Each structure stands twice: as structure tokens, then as C-alpha cells.
2 protein chains.
Amino acid sequence: MPAGYHQFCPVSKAMELLDERWTLLVVRELACGSEKFNDLRRGLPRMSPSLLSKRLQQLARSGIVERHTEGKDVRYVLTTAGQELRPVVEALGAWGVRWVGELGDEDLDPTLLLWDMHRNVDHTAVPDGRIVIQFSFPDAPTKTRDWWMVITADDADVCDVDPGYPVAVMVNASLRRMVEVWRGDMTWSQALVAGDIDVLGPETLRRDLPRWFTPSPFASIPRPA
Amino acid sequence: MPAGYHQFCPVSKAMELLDERWTLLVVRELACGSEKFNDLRRGLPRMSPSLLSKRLQQLARSGIVERHTEGKDVRYVLTTAGQELRPVVEALGAWGVRWVGELGDEDLDPTLLLWDMHRNVDHTAVPDGRIVIQFSFPDAPTKTRDWWMVITADDADVCDVDPGYPVAVMVNASLRRMVEVWRGDMTWSQALVAGDIDVLGPETLRRDLPRWFTPSPFASIPRPA
DNA sequence: CGGTATCCCCGTCGATACTG
DNA sequence: CAGTATCGACGGGGATACCG
């Protein structure tokens with residue numbers, strides 16, 4: 001931890017706790033509902049486990065996170081102070097979506113995309129029973145090209161190997177377009193019309209699929225003219 | 001600049017530009033109205049000039065700041081994108097004032113306090129003519145103990161030597177209490193009653209002095225129970 | 001599953017001096 | 001006033017391996 005700012009300004013005092021690399025992204029993950037170490041890791045794939053561990057300890061010392069253990073089960077939970085960082089994260093995201101438009105190829109991580117989509121499945125909107133969606137990103141490297149999302153009444157799993165169940169809908173998409181749709185930079189229908197995303201399957205499922213996922217809060221932020 | 005986060009999440013993309021040390025404090029200074037290099041320095045006394053220069057360049061490259069030159073005059077101005085960071089800074093400050101309560105002695109910088117107060121003088125509230133306030137912080141080191149603020153119709157200057165004009169009001173205060181009042185952690189009247197701040201001078205001036213300064217936006221944030 | 005331990009590089013930051 | 005130049009230390013953090 002570098003020295004503080006030696007300023008009484010509340011912004012400075014906040015940044016003394018929050019300005020280190022990864023810190024607010026850990027908070028974001030916690031605010032998104034991840035509680036377990038390895039779930040946090042999945043949302044922060046490029047972060048080393050030792051650094052994640054360190055950040056969690058720092059956040060705990062700062063009173064932002066509490067470490068709960070029940071038997072072998074360990075969970076990290078935002079304190080009240082931590083939950084009140086949500087407006088900060090939201091303001092940052094709202095700004096980012098408006099003013100940091102262009103994504104590099106490096107930002108297009110299919111693992112992260114599927115992880116993010118899977119935790120935003122709206123189970124009330126998905127038909128009953130087990131629904132399997134296959135995603136295929138032709139422009140992605142072979143290893144991360146094909147994905148299967150298995151949705152049941154109260155769960156959603158992601159696999160990078162065919163789990164064997166019959167596929168209900170197949171989504172064939174440019175990875176970049178899929179990410180852009182997910183971020184709200186464009187709509188499903190725009191991408192479909194443009195031919196950048198193909199949805200294959202029964203008519204009703206094809207039509208309803210966009211509603212199976214609750215859009216990110218940033219999707220609705222108006223973009224600058 | 002460390003590597004990016006390799007995430008498409010808008011929060012990550014924002015933090016790639018903003019999470020380095022000092023960056024958002026420079027934005028705060030610009031949002032507070034400073035435009036010139038050395039004014040920015042006054043608001044960021046512990047930041048080296050080279051680092052400030054570097055940050056300004058980074059902010060310019062990020063489209064957050066524009067460098068305007070007119071002849072010899074150089075001014076840094078927030079772009080639209082930069083102005084839209086105000087909600088981020090405000091959210092951080094609101095959080096900081098609630099959850100980073102305790103200030104270290106290192107955070108109590110009289111220079112910064114006077115600089116901050118002087119730029120928040122409400123000239124419509126100060127009596128006409130030249131008003132000189134002397135501040136004295138008995139608990140501060142000799143060099144930074146005594147200050148004079150000279151307020152005229154359209155200007156406010158701070159000196160650390162007696163400018164020679166007659167002093168209208170004298171404020172004798174614990175530095176810590178003065179900072180806490182300024183931050184809104186306590187009110188003027190609380191500090192006066194507690195005897196941590198003494199105001200000496202004509203009755204009307206003593207009574208009105210708190211209103212000569214427009215309180216920081218964070219002063220009104222409710223503190224946690 | 002839930003982390004530590006270790007290692008080492010390289011960038012950041014701070015300090016100070018200096019310039020047009 | 002508005003910065004640049006230089007320099008050195010420190011430690012942040014990335015990678016990887018390992019442990020209960």
C-alpha cells in the first residue's frame with residue numbers, strides 16, 4: 001500500500017482504500033452476488049489468486065467486506081459500507097459504457113461472457129424443463145469456440161464441452177457482436193438484422209431467447225450522440 | 001500504465017483509465033474549478049509536478065481533459081466526458097465521508113484547508129469592502145500556525161504572513177476541529193459550544209462568519225448511525 | 001475447494017533539480 | 001508560470017507452484 005494522500009478531502013480518503021488495481025472490480029463481483037473465492041476468481045480470470053486473497057484481506061481491514069466461515073464453507077460478504085459502494089460502481093460503469101466505447105480484442109473473453117450471462121438468466125422467462133443453448137463463436141480460437149448453457153428451473157450451468165443433452169437453441173455469433181449486445185451497445189434485433197448473430201431453433205424459442213437474460217443495468221444507459 | 005483488465009465490463013474499462021494513483025483527484029481538482037497547472041498543484045500539494053504533468057497527459061489522451069493554450073496562458077479543462085465523471089467523484093466523496101471517518105494527523109494540512117476555504121467564499125454573504133480573517137491554529141507547527149484571508153468583492157487571497165490590513169475577525173481553532181467543521185463532520189455551532197473554535201470580533205461578524213463559506217457538498221451527507 | 005508461498009521483474013512514484 | 005529531466009527504491013502484482 002503506497003502512502004496515503006495526506007488530504008482530508010473525502011474523495012482522497014476514499015481513494016486511499018479503493019484506488020489500487022483490481023480493488024473496485026472485486027467489489028463489483030461481490031455486488032453481483034459472488035461470495036465464494038473461486039466464484040470471484042471466475043469473474044476475475046486474469047487476477048492471480050494471491051492477489052485476490054490480498055485484496056479481500058485489505059477490503060476486510062477497510063470494513064468493506066466480511067469473511068464468514070461456516071464449517072468448511074467460506075463466504076465473502078459486503079458490509080453495509082461495502083454495499084454503499086454500489087453507487088460508485090454504477091457511476092463508473094455508466095461512465096465507462098458511454099465514454100470508453102471501443103473494446104480491444106483482448107477484452108473479448110468468451111469465458112467471462114458466458115459466466116456473466118449465466119448469472120443473469122431470468123428463470124421466470126425460460127420455458128420449464130431443461131433448456132440447452134449452444135453458443136458458437138466462429139471467430140474465437142477453437143478452445144473457446146463452443147459453449148453449452150444448461151438452464152433448469154433454478155439453476156444455470158455453463159460447459160465448454162457438449163453435456164450431451166439435446167440442444168434447444170443454437171446461437172451462432174461473432175464474439176464481438178455478442179459482447180456488444182450483452183453490454184447494450186446494440187440490441188439483439190439490430191444484430192440479428194445485420195446478420196452478425198444467428199439464432200437457430202423453433203420459432204418461439206428463437207423469438208423469446210433475448211428475454212431469457214436480464215440485461216445489464218448499463219445496457220439502458222443512453223449513449224452519447 | 002499496467003496492462004488492462006481484459007474485461008469487457010464497463011466498470012473495468014473505466015478503471016483502466018482511472019484507477020491509477022492521483023488520477024481521480026486531478027479530476028476532482030478540475031471539477032472544483034482549477035484550470036492552471038500551479039493551481040492544480042496547490043490542490044494537490046503532495047503530488048510531484050512531473051507526475052501531475054504525466055496524469056494530465058494521460059487524461060488528455062483518454063479524452064477527459066483538453067489542454068487549451070492562448071498565447072502563454074495554458075488551461076486544462078474537462079471535456080464533456082470529464083464533466084460526466086462528476087457523479088463518480090461525488091459518489092466517492094459521499095462514501096468517504098460516511099465510511100472513512102477518522103483522519104490521521106497527516107491529513108490535517110492547513111495549507112490545503114485554507115486553499116479549499118478560500119475558493120468557497122460566498123462573496124454575496126461577506127460584507128462589502130475588504131474583510132480580513134485571521135486564522136490561528138495553536139496546535140499546528142509554527143510555520144503553518146497563522147493565516148490571513150483577505151476577502152474583497154470579487155476575490156479572496158490567502159497569506160501566511162500578516163498582510164498588514166486590520167483584522168476584522170480572528171478565528172482561533174484546533175486544526176482538527178476546523179477541518180472537521182469544514183468537512184461537515186460537525187457544525188460550527190457544535191464546535192463553538194464545545195470551545196474547540198473561538199471566533200473573536202464584532203458580534204455581527206462573529207455570528208455571520210460561518211455563512212461566508214459555501215459548505216462542501218459532502219457536508220450535508222448524513223453520517224451513519 | 002480455498003487459499004499460501006515464492007520469486008522476480010519492471011513500472012510507479014517520490015524527490016529534487018533544472019529550464020525557457 | 002509551466003512544466004521537463006533525472007534518478008533510485010520500493011513494492012505492486014503477474015506467474016507459477018504448492019498445500020490442507
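Lettering of chains follows the sequences in order, A, B, ..., and the numbering in each one begins at 1. Model, not experiment: these values are computed from the prediction.
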Integer-rounded Å distance: D:dT4 P and B:Met47 CE
13 Å

Per atom distances to the A:Glu20 side chain, the nearest of C:dT4, D:dG13, C:dG14 is D:dG13

What's the separation between atom CH2 in A:Trp182 and atom SG in B:Cys9, rounded to the nearest 0.5 Å?
12.0 Å

For the residue pair A:Trp22 and B:Tyr5, does the interplanar ring angle fall in the parallel (under 30°), tilted (30 to 60°) or perpendicular (over 60°) class?
perpendicular

Using atom CG of B:Leu44 as one end and atom P of C:dG14 as the other, report the distance to the nearest whole Å.
11 Å

Taking 4.0 Å as the cut-off, does a side-chain nitrogen or oxygen of A:Gln57 come that near to OP1 or OP2 on C:dT4?
yes

Does a side-chain N or O of B:Arg21 approach OP1 or OP2 of D:dG12 to a distance below 4.0 Å, or not?
no

Should A:Trp22 be listed as having a side-chain N or O under 4.0 Å from OP1 or OP2 of D:dG12?
no

Which whole-number value in Å describes the distance from B:Arg46 CZ to C:dG14 C1'?
10 Å

So, is B:Ser53 close to the D:dT4 phosphate, meaning a side-chain N or O under 4.0 Å from OP1 or OP2?
yes

B:Tyr76 side chain near D:dG3 phosphate (N/O to OP1/OP2, under 4.0 Å)
yes

Would you mind reading off the distance between B:Lys54 atom NZ and C:dA15 atom C1', rounded to a whole angstrom?
15 Å

Relative to the 5' end of DNA chain C, which residue comes earlier, A:Lys72 or A:Ser48, by the nucleotide with the nearest heavy atom?
A:Lys72

